[in-house]
Participant: 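Before I ask anything, let me first share the structure, which is written out below as structure tokens.
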Amino acid sequence: MQVNRPHPVVSGCGLLYYQMMKRYNPSEIEPKWQQLWADDKRYQAADTSTKPKYYVTGMFPYPSGAGMHTGHFFEHSIVDAQARFMRAQGNNVMYPMGWDAFGLPAENYAIKTGTAPKDSTKTNIANFTNQLNRVGASIDWSREITTSDPEYYKWTQWVFTEFFKRGLAYQKEANQWWCPVDKTVLANEQVEAGKCWRCGNEVIKKSMKQWFFKITDYADALLEETPNLDWPEKIKTAQTNWIGKSQGAEIDFAVDGRDELLTVFTTRPDTIFGATFMVIAPEHPLISQLVNDDTKATVDEYVANALKKSEIERQSEGKEKTGVFTGSYAINPANGEKIPIWIADYVLGGYGTGAIMAVPAHDERDYEFAQKFELPIIQVVAAHSIGSGRDAPRDEFEMLHRPVVDAIITDGEGNFLLQIENEHHIHFVGGGIDDTDDTTEAALRREIIEEVGLTEIISIKQASPFSSGTYGRETKSRNQKVWGTFFEVVVDPKIQVDSEIEQGLHSIEWVKKEDVEHRLTWEGHRAAWKSYLAGRVIDTEVREGLLVNSGVFDGTQTSDAREQVVAWLEEQGVGRAKTTYKMRDWLISRQRYWGAPIPIIHCDEHGAVPVPENDLPVLLPEVDEYEPRGESVLASQTDWVNTTCPECGQPAKRETDTMDGYACSSWYLLRYADPKNAKQPWSTELANYWQPVDMYVGGDHAVAHLLYVRFWNHVFHDMNLVPTKEPVKKLVYHGLIQAEDGRKMSKSLGNVVDPLEVIDAGYGADALRTFELFLGPINENSNWSSKGIAGVYRFLNRAWTLTQEYLEAEKTDEPNAELVALEHRTIKKVTTDIHRLSFNTAIAALMEYVNELYKLKVDGFSEAWQQPLESLVQLLQPFAPHISAELWQQLGHNDQLDFVDWPTWDESLIVTDTVTIVVQVNGKVRAKLEVAADASEDDIKAQALAEENVAKFVGNKKPTKVIYVPGRLVSIVI
RNA sequence: GCGGAUGUGGUGGAAUUGGUAGACACGCAUGCCUUAGGAGCAUGUGCCUCCGGGCGUGAAGGUUCAAGUCCUUUCAUCCGCACCA
């Protein structure tokens, strides 16, 4: 990595003068202040205060061997700026820090090197701590926590036992990755492209008994609070989608000739008449009973294959549908039709009931499947349009419901026949199906003769899906709700005879193909025309509309039909309304060593018994060998495993799984409030004081961690342990700092910038922090720039030099209104920008401030400069605390800058005597006026018109309009 | 496919409510500092120009005295989820 080295301030010009001055030397002042801050413990937050509390922190890191990278530094630049700003704003600020220390990397490292995870973790934490101190983060180290400490995980285990007592922790069979060669369970991260990370052999799924947290019980509660969170929209929608609530129905299908019921979940009970087959997941328990002698072999093979498939294989196969017929049939309860039952892996075993009714006409996946296996497709929803303008249905008219049929009449040579009633009613030929019509086709032929008198028809075929519409017909004083089919009718216009029936009511016209669409006046006909051109007879994109082919429900709006159909099925006892969630319960069992042991004892008589609070923590035993053999390493620690049942005292065995690391990080924000408590996880009193977190900063985890903390906190709230349902009031999501080449920083690409190296190169922590915040808006990604940091260093250097020059100058005692206005304008800008977390513009305003001060400096220094320079130092403090502390002292203060009240601005001092008014003529800037701030509107307008350049553009014409925007512009329209 | 964003100079980015587009910084150019420059200081820097002005915020329309900002259509890039019935 190349780091540009800044140079000390030495200039050829006025060398003697400058040599007397102290130089800006971050490597000298930064360690000095860092030491002082550590010694006087000023950042330790008090648990009681007359000031309002403010709790801010970043997502605690996993202490990896690689140390902190620029991303961590960026996060702490944000949190620390906020913490320092809030402190100066008079808040009792808590900025704690901790370590998410359990995890796979330390265990993998132990397997490879034999170093105990406990030891490597300790080393890494020391390294991280040193790095954080080097940036000058104002952390309250007295609250430091480490999730792998027994004093901490004792309470993680305690929470588990509480969840267990409440039925929120339970055991269930679930599949787990298994390496048949190493004979061990693998974590997701240890499976690389379907192969074991160590031996490279294919892994399989193996069913094992595992522990779960019942997060699904809280799905609705979490969903309900989501909209109220002051969190980024994208996180909120990601969580909402993840929970994936859908309302629908469960419907029971009888299996033909058997005493079995096949229950499906669907969000579209209204489409049940279109269910032409059923599909069940390969995991479905009923499979063995549905197969027969003919199908058993193929089914078994398919199922075995599907279950063996890894996710990666499924992905690479894309969405190509596969499946097999079971040999059994189900009865559609809506119409009594016998429909085949298939097995396919596109139906997921874990969602809904693991079985679906397939409606191929209106579901793309079912459609693909039906196409591939040649299963019937029946359209039951017709696209529906409602007339607008003159065609809009009217309340005073009666509503007529009727099936219709329409003809797209063509000569087969690209010309189409349209029926013209008047300019508002141009449409295809068609009409209602009467009781006297034997078939739809008969009705069609009759209409064609009646309407346009065509008798010789060459061919008729269905041309597009059913469509429907609701129209008001003024001429007939009625509304019509119609649904029907479009047929392509080919005729030979040369041999047709005009009919005398209905002559004079309308005319007909042959139109070229390309003109048809824009001539049609009805939305429904245009839609039908488009699908005719696309050659579609079934339109899977049609989701809502009117029901067709649906018995008594024909003509019903699909949205209404959903409830009606469920009610109808319910009456017959074959269906019920049902809500499902995509989110599954949280699997927390890990067959690993480096985690918090699950505090359960298995007793032959009492089953799973939680370890009593007095016996907690269940300590992680020290082991010599970390390589798992068969089960987790813990299972081979027989002394540890064998214990007695807390209920009966009989010999029993400990649970050998450890908890998912996310469990440990789901409550750490509460532990910060009361980190040393040996009797409770936290005291309610302290939780009440500190909860919720006012600002939580991170750049990772959209759902997992951020959903789990919410879930646990909701449970804690139900246990009356915390004051609020939600743990985090405001969430700030920051972007990544990428490498200079625009790619992600990574060791393998060799483009990593080591923050300490930047500091040591002479730029110092202040320049690094300030630069990271100056790069751009914090929620966007930005690229590191070795040139850019030099610019920020230059700025700090100028601020430093300016202060030195002031201190050593001969001062006059002249007041300076311009200086004061500049100062107050800057205070306002910087303060409001920090409030909206716009650090980059706040820093830009400070740079501008320094630039302006340099310009004012040419008139020499006066005593009036003291205050503006103090404000500069105070405003700079959240970003560059070391240089600020140093300059504060040099300006004559012995108090702690951190707790000095943030400067305030006086609006009246910002207002200047004159304002600039822009003059526009026809929207173009033609002049600028300097007018007195209290000038009247008429004066300003007159002045504007009198401007030479304005007069030139206005000429001798009279302005039609002169608009005045107070204090901003005059707009002249001619 | 669904969801969430984002498109502004050579570059990173400003413009908080429709009111001077390009703040601030990088880079570049010119000059100054009696050695040097990866230092410092000063000035300039959207594009075109016949020096009057014209054109400019991904593209095309629209509303308005006035649009980066509002509306409609469209294109591109990034991120998250992804066979959830």
Side-chain angles (χ1 to χ4, degrees), chain A residues 2 4-15 18 232-238 240-242 244 246 248 264-268 271 279 314-315 317-321 344-348 350-359 362-366 368-369 580-584 702-703 735-736 771 774-777 779-783 785-792 794-795 797-798 801 829 832-833 835-836 838 840-849 851 854 916-925 928 952 959-963 965-974:
Chain A
Q2 196 191 336
N4 292 327
R5 280 152 223 281
H7 280 243
V9 184
V10 181
S11 167
C13 154
L15 191 60
Y18 277 90
E233 231 29 66
K234 69 169 180 178
I235 307 289
K236 294 206 279 184
T237 44
T240 306
N241 293 341
W242 181 265
S246 46
V264 302
F265 172 75
T266 177
T267 54
R268 294 302 301 271
T271 62
V279 187
R314 279 209 194 184
Q315 295 249 322
E317 283 168 12
K319 287 178 179 174
E320 181 64 26
K321 296 282 177 293
D345 65 4
Y346 82 91
V347 171
L348 308 175
Y351 182 76
T353 61
I356 62 160
M357 61 176 208
V359 183
H362 304 288
D363 183 286
E364 227 154 292
R365 298 152 301 178
D366 296 345
E368 268 175 52
F369 196 82
T580 335
Y581 302 88
K582 275 189 213 173
M583 183 171 69
R584 314 291 154 77
V703 279
L736 249 59
F771 174 61
F774 180 64
L775 269 169
N779 50 7
E780 274 163 44
N781 291 350
S782 33
N783 295 351
S785 155
S786 52
K787 293 248 172 74
I789 191 168
V792 172
R794 209 170 289 146
F795 155 66
N797 203 354
R798 273 160 70 81
T801 308
K829 172 76 176 151
T832 52
D833 280 358
H835 267 300
R836 60 189 180 102
S838 180
N840 57 331
T841 54
I843 293 165
L846 286 167
M847 288 174 168
E848 209 174 341
Y849 186 41
N851 291 346
Y854 264 80
T916 309
I917 302 286
V918 173
V919 186
Q920 295 183 342
V921 179
N922 283 345
K924 289 198 164 46
V925 178
K928 286 172 191 177
K952 190 174 119 195
T960 49
K961 219 189 251 185
V962 179
I963 293 155
V965 181
R968 287 192 184 269
L969 60 69
V970 175
S971 182
I972 301 163
V973 191
I974 50 168

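When reading the values below, keep in mind they use all heavy atoms of this one structure, side chains included, and skip hydrogens, waters and symmetry mates. Naming convention: chains lettered A, B, ... in sequence-line order (proteins, then strands); numbering from 1 in each chain.
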Participant: Counting side-chain heavy atoms from C-beta on, which of rC24(B), rU16(B), rC65(B) comes nearest to Val973(A)?
Facilitator: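 Among rC24(B), rU16(B), rC65(B), the one nearest the side chain of Val973(A) is rC65(B).
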
Participant: Taking any strand in view, what nucleotide pairs with rC70(B) in a Watson-Crick or G-U wobble way, both distances under 3.5 Å?
Facilitator: rG62(B)

Participant: Tell which nucleotide pairs with rU57(B), taking only Watson-Crick or G-U wobble pairs whose two distances are both under 3.5 angstrom.
Facilitator: none

Participant: Quick one: does any side-chain atom of Asn781(A) pair with a main-chain N or O of Gly735(A) as donor and acceptor, under 3.5 Å?
Facilitator: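 Checking the backbone N and O of Gly735(A) against the side chain of Asn781(A), no donor-acceptor pair under 3.5 Å is found.
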
Participant: Closest approach to the side chain of Tyr346(A), judged atom by atom: which nucleotide of rA82(B), rC83(B), rA14(B) is it?
Facilitator: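 Nucleotide nearest to Tyr346(A)'s side chain: rC83(B).
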
Participant: What I want to check is whether the side chains of Thr801(A) and Tyr854(A) have a donor and an acceptor closer together than 3.5 Å.
Facilitator: no

Participant: Under 4.0 Å from OP1 or OP2 of rA85(B): is there any side-chain N or O of Ser246(A) that close?
Facilitator: yes

Participant: Applying the Watson-Crick and G-U wobble criteria at under 3.5 Å, what pairs with rG27(B)? Answer none if nothing qualifies.
Facilitator: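 Here rG27(B) is engaged in a pair, and the nucleotide opposite it is rU45(B).
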
Participant: From the options rA85(B), rA23(B), rU16(B), select the nucleotide whose nearest atom is closest to the side chain of Ala844(A).
Facilitator: rA23(B)

Participant: Return the value, rounded to whole Å, for the distance between atom CD1 of Ile963(A) and atom C1' of rU20(B).
Facilitator: 16 Å

Participant: Contact class for Arg584(A) (heavy atom, under 4.0 Å): base, sugar-phosphate, or nothing?
Facilitator: base

Participant: Using a 4.0 Å heavy-atom cut-off across all strands, classify Glu848(A) as base, sugar-phosphate, or nothing.
Facilitator: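 Sugar-phosphate: the residue Glu848(A), judged by heavy atoms under 4.0 Å, touches backbone atoms but no base.
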
Participant: Mind telling me whether rG9(B) is syn or anti, cutoff 90° either side of 0?
Facilitator: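 Base orientation relative to the sugar is syn.
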
Participant: Would one find a side-chain N or O of Asn840(A) under 4.0 angstrom from OP1 or OP2 of rA14(B)?
Facilitator: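 Answer is yes, contact under 4.0 Å.
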
Participant: Can you tell me the base-pairing partner of rU17(B)? Count Watson-Crick or G-U wobble geometry only, both distances below 3.5 Å, and say none if there is no partner.
Facilitator: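 Result: none.
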
Participant: Describe the nucleic acid contact of Thr841(A) in one word from base, sugar-phosphate, nothing, applying a heavy-atom distance below 4.0 Å.
Facilitator: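 Sugar-phosphate contact only.
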
Participant: If the C1' atom of rU34(B) is compared with that of rA29(B), how far apart are they to the nearest Å?
Facilitator: 25 Å

Participant: Consider only side-chain N and O atoms of Ser838(A) and Thr841(A), and report whether a donor and an acceptor are under 3.5 Å apart.
Facilitator: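 There is such a pair between these side chains.
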
Participant: Syn or anti for rG12(B), taking syn as within 90° of 0?
Facilitator: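 Anti, which is what one calls it when the glycosidic angle falls more than 90° from 0.
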
Participant: Touch check for Phe774(A), heavy atoms < 4.0 angstrom, all strands: base, sugar-phosphate only, or nothing?
Facilitator: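 Counting heavy atoms under 4.0 Å across all strands, the contact made by Phe774(A) includes a base.
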
Participant: Determine whether any donor atom in the side chain of Lys321(A) lies under 3.5 Å from an acceptor atom in the base of rC83(B), or the reverse, and answer yes or no.
Facilitator: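 A donor-acceptor contact between them is present.
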
Participant: How does protein reach along nucleotides 26-31 of chain B, written 5' to 3' as B (base within reach of a heavy atom under 4.0 Å), S (only sugar-phosphate), or - (no contact)?
Facilitator: SS----

Participant: Just N and O in the side chain of Lys234(A): are any of them under 4.0 Å from OP1 or OP2 of rA5(B)?
Facilitator: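 No.
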
Participant: So Asn851(A), base contact, sugar-phosphate only, or nothing? Heavy-atom distance under 4.0 Å.
Facilitator: sugar-phosphate

Participant: Do nucleotides 49-58 of chain B as a string where each nucleotide becomes B, S or -: B if the base has a protein heavy atom under 4.0 Å, S if just the sugar-phosphate does, - if no protein is that close.
Facilitator: ---SSSS---

Participant: How far, in whole Å, is rA67(B) from rA15(B) if one measures between their C1' atoms?
Facilitator: 13 Å

Participant: Pick base, sugar-phosphate or nothing for Asn781(A), based on heavy-atom distances below 4.0 Å to the nucleic acid.
Facilitator: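 Here Asn781(A) touches the backbone only, sparing every base.
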
Participant: Could I get the full list of side chain to side chain contact (heavy atoms under 4.5 Å, CB included) partners for Asn922(A), not counting sequence neighbours?
Facilitator: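 Per chain and number, Asn922(A) pairs via side chain to side chain contact (heavy atoms under 4.5 Å, CB included) with Val973(A), Ile974(A).
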
Participant: So, is Arg798(A) close to the rG40(B) phosphate, meaning a side-chain N or O under 4.0 Å from OP1 or OP2?
Facilitator: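 Indeed not, no polar side-chain atom of Arg798(A) lies that close.
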
Participant: Tell me which nucleotide, if any, is Watson-Crick or G-U wobble paired with rG3(B) when both distances must be under 3.5 Å.
Facilitator: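 rC79(B) - that is the nucleotide pairing with rG3(B), both distances being under 3.5 Å.
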
Participant: For Leu969(A), report the nucleic acid contact type (base, sugar-phosphate, nothing); a contact means any heavy atom under 4.0 Å.
Facilitator: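 The answer is base, as Leu969(A) lies within the cut-off (heavy atoms under 4.0 Å) of a base atom.
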
Participant: Is it the case that more than 12 heavy atoms not belonging to Arg584(A) sit under 6.0 Å from its CZ atom?
Facilitator: yes

Participant: Categorize Pro232(A) for me: base, sugar-phosphate, or nothing, with a 4.0 angstrom heavy-atom threshold over every strand shown.
Facilitator: nothing

Participant: Given rA25(B), rC81(B), rC65(B), which nucleotide is nearest the side-chain atoms of Ser971(A)?
Facilitator: rC65(B)

Participant: Using the side-chain heavy atoms of Pro777(A), tell me which of these nucleotides is nearest: rU16(B), rA14(B), rA85(B).
Facilitator: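 Of the candidates, rA14(B) comes closest.
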
Participant: Do any N or O atoms from the side chain of Asp363(A) and from the backbone of Asp366(A) form a donor-acceptor pair under 3.5 angstrom?
Facilitator: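 Judged by distance alone, yes, a pair lies under 3.5 Å.
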
Participant: The side chain of Lys829(A) lies closest to which of these nucleotides: rU16(B), rA14(B), rA85(B)?
Facilitator: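 Of rU16(B), rA14(B), rA85(B), rU16(B) is nearest to the side chain of Lys829(A).
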
Participant: Could you state the CD1-C1' distance from Ile843(A) to rG12(B), rounded to the nearest angstrom?
Facilitator: 13 Å

Participant: Is it possible for you to check whether Lys321(A) lies under 6.0 Å from the centre of the six-membered ring of Phe369(A), through NZ or CZ, and within 45° of that ring's axis?
Facilitator: no

Participant: Classify Val918(A) by what it touches in the nucleic acid, base, sugar-phosphate, or nothing, heavy-atom distance under 4.0 Å.
Facilitator: base

